[in-house]
Structure formats: structure tokens, C-alpha cells
There are 2 protein chains.
Amino acid sequence: MSVTIREVAERAGVSVATASRALSGGRGVRPANRERVLRAAKELDYEPNAVAAALRSRTTNSVGIVVPRISNPFFATLVEAVEREAARGGQGLLLSTSRYDPEVEAGQLRALLDRRVDALIAVPCHSERSRAAIEAAGQRVPTVQLDLCLDGGGGSWVGVDSEAGILAAVEHLVAGGARTLAYVGSEPTDSSAQARLDGYRGAAPLCPGGTDRVLLGDFSLEWGHRAARRLLENRRELPEGIVCGNDTIALGVLRELARNGVEVPGRVMVTGFDDIPFAELAEPPLTTVRQPLEQLAAEAVRTLATRLRGGEEPHRRVAIAPELVVRASTRA
Amino acid sequence: MSVTIREVAERAGVSVATASRALSGGRGVRPANRERVLRAAKELDYEPNAVAAALRSRTTNSVGIVVPRISNPFFATLVEAVEREAARGGQGLLLSTSRYDPEVEAGQLRALLDRRVDALIAVPCHSERSRAAIEAAGQRVPTVQLDLCLDGGGGSWVGVDSEAGILAAVEHLVAGGARTLAYVGSEPTDSSAQARLDGYRGAAPLCPGGTDRVLLGDFSLEWGHRAARRLLENRRELPEGIVCGNDTIALGVLRELARNGVEVPGRVMVTGFDDIPFAELAEPPLTTVRQPLEQLAAEAVRTLATRLRGGEEPHRRVAIAPELVVRASTRA
DNA sequence: GACATCACGGTAATCGTTTACATCCCCGGC
DNA sequence: GCCGGGGATGTAAACGATTACCGTGATGTC
């Protein structure tokens, strides 16, 4: 069927060992022989069988990734960055989704391990119930948690410094003249939600006027709507700045404010978090904290690469500082 | 290192052949033996080596997919649907992106074939220059083009019936009272752009008042802006219905109309195509033609599955009828 | 000229399964 | 009682690379 290295070797007049050496790296082979092997391979249109190579060399040159979903533009962009980064190193990417179900997630991780991926990248879908599977995986291959992480740490992690991001947003709002603030975020069911909430609480003292309104729901547009309505109940006490836990919530808030004729940023300023593609398309365009996705992906892949090349601490935790992107939903 | 089937067989007191049979399918093994093998496997925490199985059985239980990009929400949703469908059949998904570069695409396809994927799904990034690589791939494994296709056909394809979709949009606009129409789409550089344009031209006779304004650019928000500005140059001749080639363009058009104080759907009705997640978040929410992504994915995977199970025509072309989703950017 | 060193190349073992083939046993039909 | 058939099992040969190990000849050094 397919042409094998044996036939290439035969045509080149060398042994399979030499052919193999010539095709991969080519060290320890006389240039003349190397040439002949390469030529033979081209003439026969030889396609190396990566499966056989993987079996013998015990390395598949592929990494597995598990994310909650891909249709979420945030994860999509993340996966894209990881794919590009992996491809650059000649690594294939095996993609799975957990659909926010720890059981599914565990199954996917196991399937990836059966396929003998060299390393794993996972966005744990639950800060508690993802633990067992992810730690088990970490026993077998280098594993890095991306974006979200397990409660209480454990294993490598690469993510954004949420607290610094929220702090930047708060500083910006205060500098823009906001005297009262509110936070609309998600219940701290995952590590990001927790960190952003902590960030808000930590930054609160910067705003002298008052920062005590904290509304927690989930990371959805609907929650943004509802929270905004709640803040609108008493028009007089409407805060001058609303810090949102992510962009989706912020879009919901913006929309509800627009419906009720509240001027943004005139009467209220709004900030988001993530900088999803639609943030700049909102009306008005949303000031937000941009996740440096490319950097996150690069860092994650690099972490795995160094772990594979040998040693390095298995508990590397990298928090990358995000960047505030100022748009029209706030005053400079 | 890892426990092998040999050790499982030993512990169960049977030969490796029997162990293998028991673990995969279990046909032709006495129930008692099957039980013992399964128990031994569980006790030893046996993890089958899919690489070895793949080498011997010449099937990797994995499909490769190449899309132009994942950060495009349309492709992201498509990939997600394919992943789910593949996972259901126990197939892994190897993901690659072409970044709209036929060279990159060809390289990715080759890499996937080296990895011996059982089948391929590709969204060709160019209707001409993708041909060689995709047809070459099709020689080796079942390959299906998804969404986009090569010029002039060739190979299997699963996509949406663009012409029917545009027709539905036009009918809807005419039924809603539009007397004049315009089309804002992309130059026909890919098969979808072509089909949508053809669809508009085919449906034109339905609108007695006039349908001759056809503006072609690319599938971007900016083009939507520019096209809308051009239509606004002569306010009096502003068409009563604007059919857009995709949602992104439509969002651009909507925005420009809003900036110029044109009422939607009062003065002008607008339709999109695709139903990306943000379509319903637009202001007003966008009436659009929904791509049945789940169905497309399922059909693509099914096509490959039947091809793998043996025979079936290699030239299956499936066009699925899309559904019109009516929202507030048009009158019912 | 003897010997250590070195670069290169070949032979064959190996990775961990699946599966072709042979064997064995049991059962039913004649 | 013999034979054919079929199901369960074992033996061993694949699958197609990589690589440990060893042999060979060239080279350098004393």
C-alpha cells in the first residue's frame, strides 16, 4: 500500500537504519548517503508513518487540549493561539471539549492519554470536581492548566493576573471621575471569578465615594441585564462606574442601560474583561481588560516544552499582566 | 513503565490474543474469560496503547480537520459540532488551521496524513489554490469538504443550500412589504460567496420594484460600513430591503444606518446570513439565515463513516436547507 | 607498525497491539 | 462410531518505524 522506509532504503542502496537516520536529523550519515536517501524518498513519494515512529520512539509529537467549549470566542481564540504555537514546534493538536461537565472532561483526558499525547493543556471546567482527573493526568505527562485553575493550586498554571486587571480598570474609572462604583460579576465558582472578585475588593479603597454594591450571578448576558435592572431600581443611587466580571456581562449591562436611556459614559462608565471580538463592536465600544491570549498560549506551550526536554519544576505558575484597552464606554 | 496487555493476560491466566479480544468488543470469548480479563485490566489500571493498536490495525480512530481559523465564531461553532459528533463515535479530532494560506493548508493536510488520520474534513481556504492538496489527500483517505468547496466540484461536499437561504430572505422581505432591494455581499472568491450572489440574482424577479443594486466587497464589518454609506449617498433611492451576504456585513450595515438615523426596520429592513452568536445581540436583533451547523457536522461525519465502512460513492454532495430566523430587523 | 579512536553503517531487537492460522474440544447428524 | 462444523483459545507473525549494539575501515599517534 503505502511506501515504507524499507523501500526507500533499498532504492538508495543503504540499510533501513541509515535511511532512518538520514530522514530524521541526518546526524552520523555521510552527506553522499544522506542525499541518496532523500532523493529516493522524494522519488517514491515516501510518507513517513508517524504512528510507527511514535510507537517505537515513545513520543507522538502531539499535545492534547481540553476546553469547556470552543464556541465561546474566548476559548476559540485561545485554542487558535495554542494550535499555532504547537504547529510551530511541529506538534499536532488533539482537541476535546468538556461541555462544562467534569465527567466528560475526565473521559476526554483519559482518551487523550490513551492516544499517548506528549503533553496536556487543560482549562479545568470545575475548580473542585476537575481535580482528580487533572492530577491523575499530571502523573503521566506534563500538564498545564490554562486560564482557569484548580482550587488551592497544584500543578502548573498559566493565566492572566486578574487582580491586576481589575485594579487597572478601577484606577481608570476613578481617574475618569467616577465617585461611586459597583461590581457585576459571577459567583466565584471558578478561579477567575474568584480572582476578579478579590481584585475588586482589593482595589475598592481607591474609590473614596463608595464601592459596596457587588452583584454576583454568572458570566452571561442575561445576568448583565438583570443586574443592570437592579442597579436602575433606584436611579439616584446609580453608581458612576460599573466594573463587570467579563465582557458578556458588560454587554448585557450596556444594553439595559441604553434601553433605559442612561448615557454611557456620560452618566455611567462601564468596563468589561477579556476583550472578546465583539467588545469593540458594542455601542458604545467597550473599555475592557485584554487577555493576552497569544502570550498565554505561547507561555503554556513553552512550559510544556521545557518540561519535556527534561526536568524543570513541575509547579510553575505564571500570571501574565493584562492590558487595559480604553474605548468609548469610559472617559479617559 | 506503563502496564501492557501482556501483563493483563498473564494476570487473567489467558493468552494475549484472548485478552485483546476481550478488551475490544469481546466477541468470541467465553463470558467467564471476558470477566477475568476485564477484572485484571481494572486491577492493574491498564491503559491501552492506542498508538500500538493503530499501527497494527491500520486505523487511528481519529479524523483530521483543517479550517481557515478558529477565532471566527462560525468556524468555531462548526469545529465544536464536529468534535462532539466525532467524540460520540469514539473518534479523536486533530485540529489544524490554514490561516487562509493554501501553502499552510497543504502542509497541514500532509502532516495529518503522516499521522494517519482515518479521514479528513477540510474547509478549503481557496476555491482554486486549495485543489491540489485536497485532491491529493482525497486519494489517500476519505475526505469531505465542509461549508466551502473547490471550484467546479470534485470530491464529497457537505454544506448549506445558500441559494435556498437567500431566496427565503428575499421572499420574507417582499412579504414584509419591501418594494426595492439591494444586495451587499462579497466578491465571489469562494464558493459560498458565489452561491449567495447567484441566489440573490435568481430570487430577484420576486421583487417587482427593483433589485439592481449589488455591492460586492469582502465578508467584513468594514465593508458593511462602506457599502451602507454608498447606499446612503442618495437618501431618496435607499432600498427598502438590504440582503447581506453574511452577518458580519449585516452588522456593519446596521451600525452605519443607525449612525445616520435611518430606522430599521421602519425605513429599511436588513437580513444577514449564518446566524452567528452576536446576530441576536445586535440592535435591532438581526433577521438572518441560520446555518444548521449541527446538521452539517453530523452529515459530514456520517459521510466519512459510511465511506470508511466500505464503498459508497466518493462524490456525495449534500446541500442542507437552512432556516430563516426572523428577528426585529425586518417586519414579519 | 601497533593500537586507540572515531565516524559510519548494518543487523536485529523492540515498541504494544491485532489478527491469521492452527489447534482443540464439543456437539449433532448420519 | 465417524465426521463435519463451529466456537474458544493459543502461537506467532505482522504493523513500520527507531535505536542498541557491534563490526569495519580510516585516521592519528607514538
Side-chain angles (χ1 to χ4, degrees), chain A residues 1-38 40-41 44-62 90 92 111 113-118 140-141, chain B residues 1-38 40-41 44-62 90 92 111 113-118 140-141:
Chain A
M1 188 126 23
S2 178
V3 24
T4 74
I5 201 174
R6 176 155 277 107
E7 304 168 52
V8 172
E10 228 161 80
R11 182 177 188 108
V14 299
S15 72
V16 289
T18 300
S20 171
R21 283 188 276 253
L23 289 168
S24 55
R27 291 193 329 184
V29 178
R30 221 176 352 184
N33 275 344
R34 211 172 70 86
E35 275 313 307
R36 293 168 63 189
V37 170
L38 262 38
L44 294 174
D45 194 25
Y46 167 67
E47 300 192 12
N49 184 327
V51 173
L55 177 59
R56 171 64 223 231
S57 67
R58 304 166 144 285
T59 157
T60 52
N61 285 315
S62 58
L113 288 175
D114 284 355
R115 291 197 149 80
R116 296 299 192 266
V117 292
D118 293 341
R140 306 195 64 81
V141 300
Chain B
M1 189 124 28
S2 179
V3 24
T4 74
I5 203 176
R6 176 156 277 109
E7 304 169 50
V8 172
E10 228 161 80
R11 183 178 187 107
V14 300
S15 72
V16 289
T18 301
S20 171
R21 284 188 276 252
L23 289 168
S24 54
R27 291 192 330 183
V29 178
R30 219 169 4 170
N33 273 345
R34 211 172 69 87
E35 275 313 308
R36 294 167 62 190
V37 170
L38 262 39
L44 294 174
D45 194 24
Y46 168 67
E47 300 191 14
N49 185 327
V51 173
L55 177 59
R56 171 62 224 229
S57 66
R58 302 166 144 283
T59 156
T60 53
N61 284 314
S62 58
L113 287 175
D114 284 355
R115 292 197 148 79
R116 297 299 193 265
V117 293
D118 293 341
R140 307 194 65 82
V141 300

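Please read these numbers as outputs of a predicted model, since none were measured by experiment.
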Assign B:Val51 to base, sugar-phosphate, or nothing according to its heavy-atom contacts below 4.0 angstrom with the strands shown.
nothing
Angle between the end axes of the helix from C:dG1-D:dC30 to C:dC30-D:dG1, five pairs per end, to the nearest 10 degrees?
40°
Nearest 0.5 Å, what's the CG-CZ distance between B:Leu44 and B:Arg11?
5.0 Å
Calculate the interatomic distance between A:Leu55 atom CG and D:dT19 atom P; express it in whole Å.
12 Å
Does D:dG16 have OP1 or OP2 under 4.0 Å away from a side-chain N or O of B:Arg58?
yes
Rounded to the nearest 0.5 Å, the CZ atom of A:Arg58 sits from the OG atom of B:Ser2 at a distance of 8.0 Å
Measure the spacing between CD1 of B:Ile5 and CD of B:Glu47 and express it to the nearest 0.5 Å.
13.5 Å
Output yes when a side-chain donor or acceptor of B:Glu35 lies under 3.5 Å from a complementary backbone atom of B:Ala32, and no otherwise.
no
Measure CZ/A:Arg30 against P/D:dT27 and give the value in whole Å, please.
11 Å
Between atom CD in A:Glu10 and atom P in C:dG10, what is the gap in whole Å?
13 Å
Go through the side-chain N and O atoms of A:Ser62 and A:Thr60 and say whether any donor and acceptor fall under 3.5 Å apart.
yes
Verify, without hydrogens or angle tests, whether B:Arg115 (side chain) and A:Ala50 (backbone) share a donor-acceptor contact under 3.5 angstrom.
no
Could you tabulate the donor-acceptor pairs under 3.5 Å formed by side-chain atoms of residues 13-22 of chain B, not counting sequence neighbours?
residue	atom	partner	partner atom	Å
B:Ser15	OG	B:Ala17	N	3.4
B:Ser15	OG	B:Thr18	N	3.3
B:Ser15	OG	B:Thr18	OG1	3.4

All N/O contacts under 3.5 Å from nucleotides 17-25 of chain C to the protein, with atom names and distances to one decimal?
residue	atom	partner	partner atom	Å
C:dT17	OP1	B:Tyr46	OH	3.0
C:dT17	OP2	B:Ile5	N	2.7
C:dT17	O5'	B:Tyr46	OH	3.0
C:dT18	OP2	B:Ser20	OG	2.4
C:dT18	O2	B:Arg56	NE	3.3
C:dT18	O2	B:Arg56	NH1	2.9
C:dT19	O4'	B:Arg56	NH2	3.4

Chi angles and distances behind the side chain to side chain contact (heavy atoms under 4.5 Å, CB included) call for B:Leu23, B:Leu38
CA-CA 7 Å; B:Leu23 289 168; B:Leu38 262 39; 3.9 Å; yes
